[in-house]
2 protein chains.
Amino acid sequence: MLRAMPSLISLRAFDAAARLGSFKDAADELSVSPTAVSHHIRGLEQALDVQLFVRETRAVHLTETGRRLSERLASAFTEIADALSEVHATEHELTVTTTPAFAALWLVPRMEAFHAAHPDIRLRLETGTVPVDLARDRRIDLAIRYGVDEGPLLACALPPERIGLYGAPNMVAALGGRLNGATILSTEWEQPGLPPITPEAWIAAASADDKPELRQFEQEHHVAQCAIAGQGLALISNLLAGDLVARGLLTPFRPDIQLRGLSYSVLCLPERVRVRKIARFICWLEASCE
Amino acid sequence: MLRAMPSLISLRAFDAAARLGSFKDAADELSVSPTAVSHHIRGLEQALDVQLFVRETRAVHLTETGRRLSERLASAFTEIADALSEVHATEHELTVTTTPAFAALWLVPRMEAFHAAHPDIRLRLETGTVPVDLARDRRIDLAIRYGVDEGPLLACALPPERIGLYGAPNMVAALGGRLNGATILSTEWEQPGLPPITPEAWIAAASADDKPELRQFEQEHHVAQCAIAGQGLALISNLLAGDLVARGLLTPFRPDIQLRGLSYSVLCLPERVRVRKIARFICWLEASCE
DNA sequence: ACCAATGCATGAGAAGAAATCATCTATTGA
DNA sequence: TCAATAGATGATTTCTTCTCATGCATTGGT
């Protein structure tokens, strides 16, 4: 067959030169001197006993065989590069799907901390209200869902939430603990078979007879944003309100009154729980909840 | 993306190790020491920051990512090897199609000489009675056909043939120039619109009134073989008989009587006549006919 | 239960590629 | 005509890649 398998490095030099139509540009791409490229291509031509380039004074152009070889080499080298970056991604990119609210109010503020703890892992967030089938969609490494408890998929669970009212600091101060004339902002919770988390339940728990205005949102973080804007008291969980309170954007209203909520579940295919990047994330997540 | 593009050599070491499931075997395949393979794979794992092999005491096996990477690398390296050998083949393998007779009686005896003159060109023969469409079947570089004259495809033509009778030496001697009791072996020539090349034509040309036996074959070289076996006189061309005469297997019978035949045409796609291997062959062919 | 054999890991140093440097040639275009 | 460009070539240097010597853990045979 072939006298001697030419070195892969020459092939790459040829590939670059063929693509760019110039030894000099190829040299730049490969960060070597044009001389090196020239040597490589000459060596390759000798090894294959084939002329690949027609040299003209200030330019080179491919022969017909050169063109054919370059085409196939290009696709092979692309395949290699793709494979490498895919490997890198599957090991160092962690894709988490969760609810828009958890992403916006809990995860996003903490991504910086995660990256500091694990600089080699790139965290990608996908949010959506439709639950994802982990077995089906292999791009997703982890799903963080509210109140789900899918036995075999459950990797860990965050502490149960407590639901309370939160408002912009000046509004909470102005209300002085009473709901008269206030607006309660809440989400349309749709957890089948679970204690209702509603403004009514909160009012009942507080044994209040005030009749505040009510406004409903589809997204829990919209509730929060609305409360921050001073438009009412948000009925949200301590988990999601935590950062906003810490940053002084919200203040608890009657923190003594809290409804019991569910907890967030972290779901993962059982055989993948031990994958490095996934294990790291779960470990970090648990530590971040204390 | 990637910290540092790993060297292609490491990738090839990994590919081999992954395919063979053993560093040692990979080392053998690559003709290096197992140490080199070990170093390469460790380097690769560090460059990618990924574990590719799980080491056990006397064996290694791929991790899941290792397996995926190896799959794609294998296909890429196969592509490269294929591309290289294709290049080599298209430059150094010459495929000629011709008639079984011309192949057997003229070309095959001269292949050795061609190879001696052009050691880097490997001559492949394809024979068949059905003419080949060169534009359609790109595997074929040249077609040598009898009496065809397809204008644009005609690369060169061999000298016109002269058709005569040839027999085994002792039979020719025994006949003493007369056809009485002899058998004439001939081919069913089917050249439309051409002077008939038949035993009858020969007898007419010789102005003989002998009535020899007649036997027909489909293949001209079968005629020759039959004559060599002493079963009659072959009505064949000087071109095809030449070698057999030179080797003393056949002797001309009444060499003064010869019918005019056609000539062999060498056909080639016009744009490919100047391809090195093709030009060499045509040049050699013309020189071989003198 | 022990010892030889196997397969891989590791570090240091040797061998061998591959890159560069300096120099040349042949154009091109200003 | 001369500076600038793109590439070729050969000698030299640099640095990758290989090997050697050695070590470790395990397996299988006696």
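What's counted below: heavy atoms across the whole structure, side chains too, no hydrogens, waters or symmetry copies. Just so it is clear: chains get the letters A, B, ... in the order the sequence lines come, proteins before strands, and each one is counted from 1.
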Just by distance, do the side chain of E45(B) and the backbone of L52(B) share a donor-acceptor pair under 3.5 Å? yes
On DNA chain D, check which nucleotide each of R42(A) and I9(A) is closest to and give me the residue with the more 5' one. R42(A)
Distance in angstrom units between L11(B) CG and dT16(D) P, rounded: 16 Å
Check whether Q51(B) reaches the backbone of F53(B) with its side chain - one donor and one acceptor, N or O, closer than 3.5 Å. yes
Please report the distance, rounded to the nearest Å, between CZ in F53(B) and P in dG7(C). 15 Å
Whole-Å distance, L8(B) CG to dA18(C) P, equals 11 Å
With sequence neighbours excluded, what pairs up with A101(A) under the side chain to side chain contact (heavy atoms under 4.5 Å, CB included) test? T99(A), E220(A), H221(A), L240(A)
With a 3.5 Å cut-off and sequence neighbours excluded, list the donor-acceptor pairs that the side chains of residues 109-118 of chain B form with protein atoms.
{"unit_1": "R110(B)", "atom_1": "NH1", "unit_2": "W106(B)", "atom_2": "O", "d": "3.0"}
{"unit_1": "R110(B)", "atom_1": "NH1", "unit_2": "D243(B)", "atom_2": "OD2", "d": "2.5"}
{"unit_1": "H115(B)", "atom_1": "NE2", "unit_2": "P119(B)", "atom_2": "O", "d": "3.4"}

Give a yes or no on whether a salt bridge exists between E79(A) and R72(B), defined as a side-chain N under 4.0 angstrom from a carboxylate O. yes
Please work out if H40(A) contacts a base, only the sugar-phosphate, or nothing of the nucleic acid, heavy-atom cut-off 4.0 Å. sugar-phosphate
Below 4.0 angstrom from OP1 or OP2 of dA6(D), is there any side-chain N or O of R55(A)? no
Between C1' on dT27(C) and CD on E56(A), what's the gap in Å once rounded to a whole number? 11 Å
Taking the ring centre of each residue, are Y264(B) and F102(B) less than 6.0 Å apart? yes
Enclosure of R145(B) CZ (heavy-atom neighbours >12, cutoff 6.0 Å): yes
Figure out the CD1/P separation between I41(B) and dG7(C), and round it to whole Å. 15 Å
DNA chain C: 5'-proximal contact among V37(A) and T57(A) (nearest heavy atom): V37(A)
Is there a donor N/O on one and an acceptor N/O on the other, under 3.5 Å, for the side chain of H39(A) and the base of dG7(D)? no
Sub-4.0 Å heavy-atom contacts from residues 16-35 of chain B onto DNA chain C, ordered by number: S22(B), F23(B), K24(B), T35(B)
At under 4.0 Å between heavy atoms, what does V60(B) touch on the DNA or RNA strands: base, sugar-phosphate, or nothing? sugar-phosphate
